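Written below as structure tokens is the structure these notes are about.
Just so it is clear, the structure is predicted and the values come from calculations on it, not from any experiment.
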Amino acid sequence: MSSTIHDFLIPAGEAAKRSGPADKIVLSSRVRLARNLKQFPFPGTGKKSDRLKVLDVLRPAVEGLPQMAERFSDTLDNLTPMDKQILVERHLVSREHAAKGAGSGLVINREETLCVMINEEDHLRMQSLRPGLQLREAWRTLDNVDSALEGPLDFAFSFELGYLTACPTNLGTGIRVSAMLHLPALVLSEQINQIIQAVNKLGLAVRGLYGEGTEALGNVFQVSNQMTLGETESDIVERINKVLAQLIDHEENARASLLEKKPSMLFNHVGRAYGIVANAHCISSKETMNLLSLMRLGVDLGLFPGVQRSLVDELFVITQPAHLQLGLSEKLTAEERDLARADMLRERLKQVRRPAQSVSGGGSGGGGADKPSKT
Amino acid sequence: MLCNVCKENEATVHLTQMIEGKIKKVDLCEPCSKSKGVDDPTGFSLADLLLGLGAAQESQAATPGLELSCPQCGHTQADFKKSGRLGCPRCYEVFREGLEGLLKSMHKGTKHVGKVPLSLQENKTMKERLKALQGELEAAVCREDFESAATLRDKIKQTSDRLQSLPVAQPES
């Protein structure tokens, strides 16, 4: 357990192979709970000595969980900026937490399905992560973890307001239920803004790839609840489940209707994306994500026979700045990274043939509509 | 487009600000924008305007030294306004009044209905039982059923003794 975070983490290629229900569109499910110890000020207000005391109480409690028998556990001041960036790119810690130092901690289980941040905005931010659409399972797991911790720990709780959190937006249940969705067809068919507005009206937030205040790179959107008080945890989970089922339907319909009504537009996007990603000599991380998203769509539609979706998902992670830097001895500048990224993409996509000119039967990605297009 | 504040004049000042990750827009006329201090962008927070906290601060500014602060952690109303965060669990009691409207605007309700820590669940049940028994007692006294009333009084005593011995939640005001 003295290993570095790099030795600990499941290799990106393997991690990309994890599968779950509806993972063609739902990349991952996440449930987060915020908890605070009654007798200490919140991390943002407390002195460093308070945070250290909180860490001393919480870290052994979390490490003692049966789920954490095999784990990575460290304090944030022991992690290099590179380590932290890797964790952010893997969606294991928030960018806010990555910015923390002494007094903050992190505990991750072997399967990377449970990740606990200590002294982020709240004393405890526990997350349960699952591939595909598995919000109920994620909540059940985290509910058990929380129940196991509330025995030895004294959480700040009021009957009236529920679990007390640093920010009133998390008050009550302290729960944030979210799913990461890949919605390329809704973007291509220009329905996405309408959809986002409709989802917002239901009291749910739609954010970019890295959560609050981030861009929707690679057509990836994060949908989560905003209200945490006045509703039970399972009601929140079910409400989001319902909305997600509809979003999945809309995306599927958008894919089918693009295939039927605008096949050349669709093939044009996928073909150009492949052309650039597989042949570029210099490419930014942002452009890579947006193009890989279109390739992923191509795989889903069966345009790349024999190509696994996990290849694209792996590239999505390992072409990001910190992952790209990993294993290279010299620190690259942004420009050098763009060159290295293009080299890696050309190498990894060497065996991938250019996309089919029409849809014929399902590919490995499960295929989309089976209607052939005019060519 | 009419001014959001006076709802009389044509709005000429249009503001957009991110609050809690949400985009909020407000349209004001010239006089209202001046009176709200919008011409000084550093001193202006859309949150104040929308949540009506601005007025609270003005009245406090008039009586310096009286600003509300948490006896536990020293967090002040101004700290809260600045960061949007409270200082410690106790702050929720201290700033209760100002928070009510805010909670109403951002959540489904203002009363927690979710999970209760196991150690406090009995506390909750006992509290509810106590309330019910007290109601029954009142009713019994009203109809001059003193026999039932005596039994109820014993039960109430028992329940409240048990409640005294249980771990407590954050105090409520």
### Message
Is A/Glu150 close to chain B through its backbone or its side chain, or both, or neither, when contacts mean heavy atoms under 4.5 Å?
### Response
side chain
### Message
Can you tell me which portion of A/Thr165 sits under 4.5 Å from chain B's heavy atoms? Options are side chain, backbone, both or neither.
### Response
both
### Message
Counting only non-hydrogen atoms closer than 4.5 Å, does A/Leu37 touch chain B with its backbone (N, CA, C, O), its side chain (CB onward), both, or neither?
### Response
backbone
## Note on the structure
Under 4.5 Å to a heavy atom of chain A? For B/Leu86 that would be both
### Task
Identify which of B/His107, B/Lys111, B/Lys108 forms the greatest number of heavy-atom pairs closer than 4.5 Å to chain A.
B/His107
### Task
Classify the angle between the aromatic ring planes of A/Phe42 and B/Tyr92 as parallel (below 30°), tilted (30 to 60°) or perpendicular (above 60°).
perpendicular
### Query
Which atom pair, heavy atoms only, marks the closest approach of A/Cys115 to A/Leu129?
CB-CD1, 4.3 Å
### Task
Sort out for me which of A/Asn36, A/Leu161, A/Ile175, A/Ile236 touches chain B most, counting heavy-atom pairs under 4.5 Å.
A/Leu161
### Message
Is it the case that the side chains of B/Asp79 and B/Thr76 hold a donor-acceptor pair, with the cut-off being a distance below 3.5 Å and no angle test?
### Response
yes
## Note on the structure
Under 4.5 Å to a heavy atom of chain B? For A/Asp146 that would be both
#### Entry: Atom of A/Pro43, atom of A/Glu121 and distance for their closest heavy-atom approach
CD-O, 3.3 Å
### Query
Counting N and O atoms only, with roles assigned by atom type, does the side chain of A/Lys84 sit under 3.5 Å from a partner on the main chain of A/Lys100, one being a donor and the other an acceptor?
yes
### Query
With a 4.5 angstrom heavy-atom cut-off, which part of A/Asp154 approaches chain B: side chain, backbone, both or neither?
neither
### Message
Rounded at 0.5 Å granularity, tell me how far CZ in A/Arg130 sits from OG in A/Ser28.
### Response
12.5 Å
